[in-house]
Amino acid sequence: MTDVAQWIDLSGKVAHVTGGAKGIGAGIATALSMAGAKVMISDINEGGAQDTAQQLGCSAMGLDVTDSTAVQKALETTRDQLGSLDILVNNAGVYQGYGGNVGDIDDDTWRTLWSINVDGLFYCCRAAASIMVEQGSGGRIINISSTQAVTPGVGVTYDGSKAAVAQITKALALELAPHKINVNALAPGPTWVQDGAAPEITGTPPNWTGNPLSDTVADRIARLPAGHWGDPIEQGKAALFLASDLSSFVTGIYLPCDGGWLTL
Ligand SMILES: NC(=O)c1ccc[n+]([C@@H]2O[C@H](COP(=O)([O-])OP(=O)(O)OC[C@H]3O[C@@H](n4cnc5c(N)ncnc54)[C@H](O)[C@@H]3O)[C@@H](O)[C@H]2O)c1
């Protein structure tokens, strides 16, 4: 009988996690490290990345994903310093302060969010794909989308960017499958990334209104079937599935990890 532990063993694999200084990225870096991968955390907040890396016993570097030249160099440096590049997690992204009604969103707000959430993700996918194809040993690319790609709530800027991430993922999965590079999107639901413990969710039981768009994000969180906020390590567990041999035949999917958000 096969030892299932070997399916999640990432010993000998190298992972790069963007935006890994805190929040979901730190949760994913934790899970991949626990499974034995050598992990490089990058973040525009270099000090935060160094602190998190020190706690996990992994590596760190400063990186602004909107700088395509720096992205190429960062992924080559990961390969050169750690020996290969087998797993890329495109987690860097922004949403706080980018919501609102369409008429209130100025050009800078739109452009800034898309340059991080979409352009940056594309630069990282492009650089990683060329390195992985050249290595010839397959690979995994995990793009962090959101449940907002399916159920709008934050606003056109963010919701649109995360839907773009889901479709970029599919297109890339098709293109890279012959190289044994699996490309999947992970779609977190509400996950507590602020300082301090997640507050209790006390709401009424799920109540289908027939019109999800009539719900606000707050309404939906109050009715979250799981009854608790997601913890970043729960996103890490889902990312581990996509990064490991457990998902050897899985590519091009959009995987919600959302406590039932999309059932509402
Ligand atoms: N927290 C949630 O409920 C939730 C739900 C769905 C999707 N997401 C997605 O998960 C990802 C992580 O979000 P989070 O909640 O952990 O946020 P967070 O703010 O806690 O962490 C994001 C990290 O990205 C970094 N970052 C921002 N701009 C960057 C840039 N230009 N280059 C490199 N790094 C940059 C930040 O410094 C920060 O460390 C994002 O893509 C977000 O859209 C989060």
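The first residue in the sequence is number 1, and the count goes up from there. Indexing begins at 1, ligand by ligand and atom by atom, following the structure's order. Basis for what follows: all heavy atoms, side chains included, without hydrogens, waters or symmetry-related copies. Since we're looking at a predicted model, the values are computed, not measured.
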Original post:
Between the side chain of Glu134 and the main-chain N/O of Ile131, is any donor-acceptor distance below 3.5 Å?
Top reply: no

Original post:
Between Tyr98 and Tyr158, does the ring centroid distance fall short of 6.0 Å?
Top reply: no

Original post:
Should we say atom CD of Gln54 is surrounded by more than 12 heavy atoms from elsewhere, each under 6.0 Å from it?
Top reply: no

**OP:** Using a 4.5 Å cut-off on heavy atoms from C-beta on, say whether the side chain of Met61 contacts that of Glu46.
**Re:** no

Subject >> Donor-acceptor side-chain pairing of Trp114 and Thr157 below 3.5 angstrom >> reply: no

Original post:
Any chance the side chains of Asp80 and Thr77 put a donor and an acceptor closer than 3.5 Å?
Top reply: no

Using a cut-off of under 3.5 Å, which N/O atoms of ligand 1 pair up with protein N/O atoms, and what distance separates each pair?
| unit_1 | atom_1 | unit_2 | atom_2 | d |
| --- | --- | --- | --- | --- |
| ligand 1 | 1 (N) | Tyr95 | OH | 3.3 |
| ligand 1 | 1 (N) | Thr191 | O | 3.1 |
| ligand 1 | 3 (O) | Gly189 | O | 3.4 |
| ligand 1 | 3 (O) | Thr191 | N | 2.9 |
| ligand 1 | 3 (O) | Thr191 | O | 3.4 |
| ligand 1 | 15 (O) | Tyr95 | OH | 2.5 |
| ligand 1 | 16 (O) | Ile24 | N | 2.8 |
| ligand 1 | 20 (O) | Lys22 | NZ | 2.5 |
| ligand 1 | 31 (N) | Asp64 | OD1 | 3.0 |
| ligand 1 | 32 (N) | Leu63 | O | 3.4 |
| ligand 1 | 32 (N) | Val65 | N | 3.1 |
| ligand 1 | 34 (N) | Ile44 | N | 3.3 |
| ligand 1 | 37 (O) | Asp43 | OD1 | 2.6 |
| ligand 1 | 39 (O) | Asp43 | OD1 | 3.4 |
| ligand 1 | 39 (O) | Asp43 | OD2 | 2.6 |
| ligand 1 | 41 (O) | Asn91 | O | 2.9 |
| ligand 1 | 41 (O) | Lys162 | NZ | 2.9 |
| ligand 1 | 43 (O) | Tyr158 | OH | 2.7 |
| ligand 1 | 43 (O) | Lys162 | NZ | 3.2 |

